[in-house]
Protein chains: 2
Amino acid sequence: MASRLEKKCKECGLKMTGPRKVILRVLSKSGDHPDVEQLCRRVRKCDPGIGVATVYRTVRLFEEKGIVNKHTFGDGRARFEETGGEHHDHLIDLKSGKIIEFTSREIEKLQEAIARKHGYKLVGHKLDLYCVLRKKK
Amino acid sequence: MASRLEKKCKECGLKMTGPRKVILRVLSKSGDHPDVEQLCRRVRKCDPGIGVATVYRTVRLFEEKGIVNKHTFGDGRARFEETGGEHHDHLIDLKSGKIIEFTSREIEKLQEAIARKHGYKLVGHKLDLYCVLRKKK
DNA sequence: GTACATGCAAATCCTTTGCTTTGCG
DNA sequence: CGCAAAGCAAAGGATTTGCATGTAC
C-alpha cells in the first residue's frame, strides 16, 4: 500500500527502501517540526537499526526533491516538516518554543511585488514571526 | 575620536578594548553581511593578533546589546550586520548569492495583525525572499 | 547482478569554553 | 590594582563522509 508520499518518491526516481519508508511515515505523521534527533527517536521506534547518517542523508535528499521543507529557526539545528499542499509561515513563541503555522495571501502578494520591483522573480520565501504572549491588562 | 558605535558601546557599559574597536570599525564599514570568517580576515588586516574566539565573543555580545543583527540564511553559518537606524529584510539572489535589503511597512503591519490575531505580541521577525533574476522576454 | 542505500565511526565545520595572560578603567 | 577581555587550544554539537556490506529493482 504505497502512500501518497511513497508515490511521490517513486516519481522522483528514489529507491523505496525500508528506512525511507519509515522516515516518510514518521514525517507525515508529525504535526510538529522535528529536528534530526527527534526524527531519529521516532523512526527507531519502528526500526531501531536506523542510523543517524541515514536520517540526515534522507531528509537532505527529500528536501532536494521538495518532499520536505527544512527550517532553521533561532537555534543551531535544522527542523523538518512534510511539504504540505499549502505553503505556510511560522509564528514562534519565544517563551515556550511553540510554533504556530499561518498563511497570508496579502503578505505573499506584497512579496511578489517587491521582488518584481527589484527585477527578480520570487521562487521561495521564509517568514518567521518571533512573538511573546500578549499581556492582558 | 569615539565613533557613534563606540559611544553606543560605552552606554552599554562595555569596556572599549583594542579588538572591540577594530571589530566595530569593520562592522560599520561592511556594506554586506559577513560571516565570522570574513570578519576575522577583515579585522586581522588591522590587527593580525585578534583571535577567532574574540570575534565570536564580541559579535555575540554586540548582538545581545542590539549593536549588530545576526542572520542565518540557508547555509550553516551566522552572518552579521550593524544594526542600522532602519530595520530591513532581505532578498537573496539564489544564483549569485547577492543580498538586497528592503523594507515594507505594509508587510510589517500585516505581521503585527497576524500576531495579534493569535494572541501574541510581535517582538521580532525575519523575512527572506529567495529569488532569481527575471527573464526579460 | 549492479548501482545505489545503509551503518558505523571518523572527519568536518561552526561555535563555545577553560585557562592563563593581558590591559582597560 | 582588580576584574573583565583576549588568545590559544581543546571541547562541543550538528552534520557530512569514507568505506565495507546489504539490498531494491
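Lettering of chains follows the sequences in order, A, B, ..., and the numbering in each one begins at 1.
- Summary of the strand contacts: Lys70(A) and Thr58(B) both lie near DNA chain D, and taking for each the nucleotide with the nearest heavy atom, the more 5' one is attributed to Thr58(B).
- To the nearest 0.5 angstrom, His87(A) atom NE2 is 8.0 Å from Thr103(A) atom OG1.
- Between Leu24(B) and Glu82(B), the closest side-chain pair of non-hydrogen atoms is not below 4.5 Å.
- Summarising the geometry of Leu91(B) relative to Phe102(B), their closest heavy-atom pair is N-CE2, 3.8 Å, with the distance given to 0.1 Å.
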Atom pairs, protein N/O to nucleotides 19-22 of chain D N/O, distance under 3.5 Å:
none

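- For Arg20(B), there are no salt bridge (charged side-chain N to carboxylate O under 4.0 Å, His left out) partners two or more places apart in sequence or in a different chain.
- For the side chain to side chain donor-acceptor pair (under 3.5 Å) with His33(B), the lone residue among His90(B), Lys70(B), Arg79(B), His71(B) that qualifies is His90(B).
- Of all nucleotides listed (dG7(D), dA5(D), dT15(D)), dT15(D) comes nearest to the side chain of Tyr56(A).
- Sorted by first and then second residue, the pairs that involve residues 124-133 of chain B and meet salt bridge (charged side-chain N to carboxylate O under 4.0 Å, His left out), not counting sequence neighbours, are Lys126(B)-Asp128(B).
- For the salt bridge (charged side-chain N to carboxylate O under 4.0 Å, His left out) test, no residue two or more places apart in sequence or in another chain qualifies with Glu81(A).
- Whole-Å rounding puts the Glu64(B) CD to dA5(D) P distance at 11 Å.
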Would you mind writing out the side-chain donor-acceptor pairs for residues 107-123 of chain A within the sub-3.5 Å range, not counting sequence neighbours?
unit_1, atom_1, unit_2, atom_2, d
Gln111(A), OE1, His125(A), ND1, 3.1
Tyr120(A), OH, Asp93(B), OD2, 2.9

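- A heavy atom closer than 4.0 Å to some atom of DNA chain D occurs in Ala53(A), these being the qualifying members of residues 28-54 of chain A.
- The salt bridge (charged side-chain N to carboxylate O under 4.0 Å, His left out) search around Arg57(B) returns none, not counting sequence neighbours.
- With sequence neighbours excluded, the residues that form a side chain to side chain contact (heavy atoms under 4.5 Å, CB included) with Glu64(B) are Arg60(B), Leu61(B).
- Interatomic distance, Ile100(B) CD1 to Cys131(B) SG, rounded to the nearest 0.5 Å: 8.0 Å.
- Between the side chain of Thr83(B) and the backbone N or O of Ile67(B) there is at least one donor-acceptor pair closer than 3.5 Å.
- Chain B approaches DNA chain C over the interval dC14(C) to dG25(C), counting the first and last nucleotide 5' to 3' with an atom under 4.0 Å from its heavy atoms.
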Under 3.5 Å, which donor-acceptor pairs do the side chains of residues 35-44 of chain A form with other protein atoms, sequence neighbours left out?
unit_1, atom_1, unit_2, atom_2, d
Asp35(A), OD1, Glu37(A), N, 3.0
Asp35(A), OD1, Gln38(A), N, 2.8
Asp35(A), OD2, Arg77(A), NE, 3.4
Glu37(A), OE2, Arg41(A), NH1, 3.3
Gln38(A), OE1, Asp35(A), N, 2.8
Arg42(A), NH1, Ser30(A), OG, 2.9
Arg42(A), NH1, Asp32(A), OD1, 3.1
Arg42(A), NH2, Asp32(A), OD2, 2.7
Arg44(A), NE, Ile50(A), O, 2.9
Arg44(A), NH2, Ile50(A), O, 3.1

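- Two end axes, each from the C1' atoms of five base pairs, can be drawn for the helix from dG1(C)-dC25(D) to dG25(C)-dC1(D); they diverge by 40°, to 10 degrees.
- Taking only side-chain nitrogens and oxygens, Thr17(B) comes nearer than 4.0 Å to OP1 or OP2 of dA6(D).
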